[in-house]
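Everything below concerns the one structure shown next.
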Amino acid sequence: MHLVPAERADHRTIDGHRVCDAVAAIGDVADVRVWAERFALLADPRRLALLLALRRVGPLAVSDLAVASGMNGAAVSQSLRLLRAAGVVAGEKSGRVVRYRLVDGALGELVDQVGGAG
């Protein structure tokens, strides 16, 4: 059981070789945490709606996202702040208008799977 961390090496296992395979499959705990955070972003229906629109249509302004999603502008802005802080979306200013776009390619690929798109 060469892949089992030292602090767990003395624990009883049934299929030691499969435990090593499972450790390898899990990989780096930090990577698992990043993916869990991505899934958490998708878990909120309002954020998912915004991500679907941005992925499938491209850059959109807050007011346009509000109309498309049925959310009010403040709720869209709050969701976009969270998505921007997570590095998932970015805003591009054109005059007085800021259009948001999806910049996380891996998350975009997940969004493509929603509703059979792709």
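Computed from heavy atoms alone, side chains included, the values below leave out hydrogens, waters and symmetry copies.
Across Leu54 and Leu102, no two heavy atoms sit closer than the pair CB-N, 4.3 Å. Of all non-hydrogen atoms in Gly91 and Val98, the two that sit nearest each other are CA-CG1, 3.8 Å. Contact between Arg99 and Ala61 at its shortest, heavy atoms only, is CG-N, 4.0 Å. Taking each heavy atom of Leu65 and Ala53 in turn, the nearest pair found is CD2-CB, 3.9 Å. For Val62 against Ser77, the heavy-atom pair with the smallest separation is CG1-OG, 3.6 Å.
When the shell of 6.0 Å around CZ of Arg18 is examined, it contains 12 or fewer heavy atoms from other residues, nucleotides or ligands.
Distance CD/Gln78 to CG/Asn72: 9.5 Å, rounded to 0.5 Å. Atom CG of residue Asp112 and atom CZ of residue Arg55 lie 4.0 Å apart, to the nearest 0.5 angstrom. Residue Leu50 holds its CG atom at 11.0 Å from OH of Tyr100, rounded to the nearest 0.5 Å.
When each of Val111, Leu51, Val103 is paired with Val88, the side chain to side chain contact (heavy atoms under 4.5 Å, CB included) condition holds for Leu51 and for no other.
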Distance-only check: which donor-acceptor pairs under 3.5 Å involve side-chain atoms of residues 31-41, not counting sequence neighbours?
from: Arg38; atom 1: NE; to: Asp104; atom 2: OD2; distance (Å): 3.2
from: Arg38; atom 1: NH2; to: Asp104; atom 2: OD2; distance (Å): 3.4

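Following chains of ILVMFWY side-chain contacts shorter than 4.5 Å, one can reach Leu82 starting from Met71, so the two form part of one hydrophobic cluster. Under a hydrophobic-cluster definition in which Ile, Leu, Val, Met, Phe, Trp and Tyr are linked whenever side-chain heavy atoms come within less than 4.5 Å, directly or via other members, Val57 and Leu42 are assigned to the same cluster. Residues Val67 and Leu80 fall into different hydrophobic clusters, defined by Ile, Leu, Val, Met, Phe, Trp and Tyr side chains chained together at heavy-atom separations under 4.5 Å.
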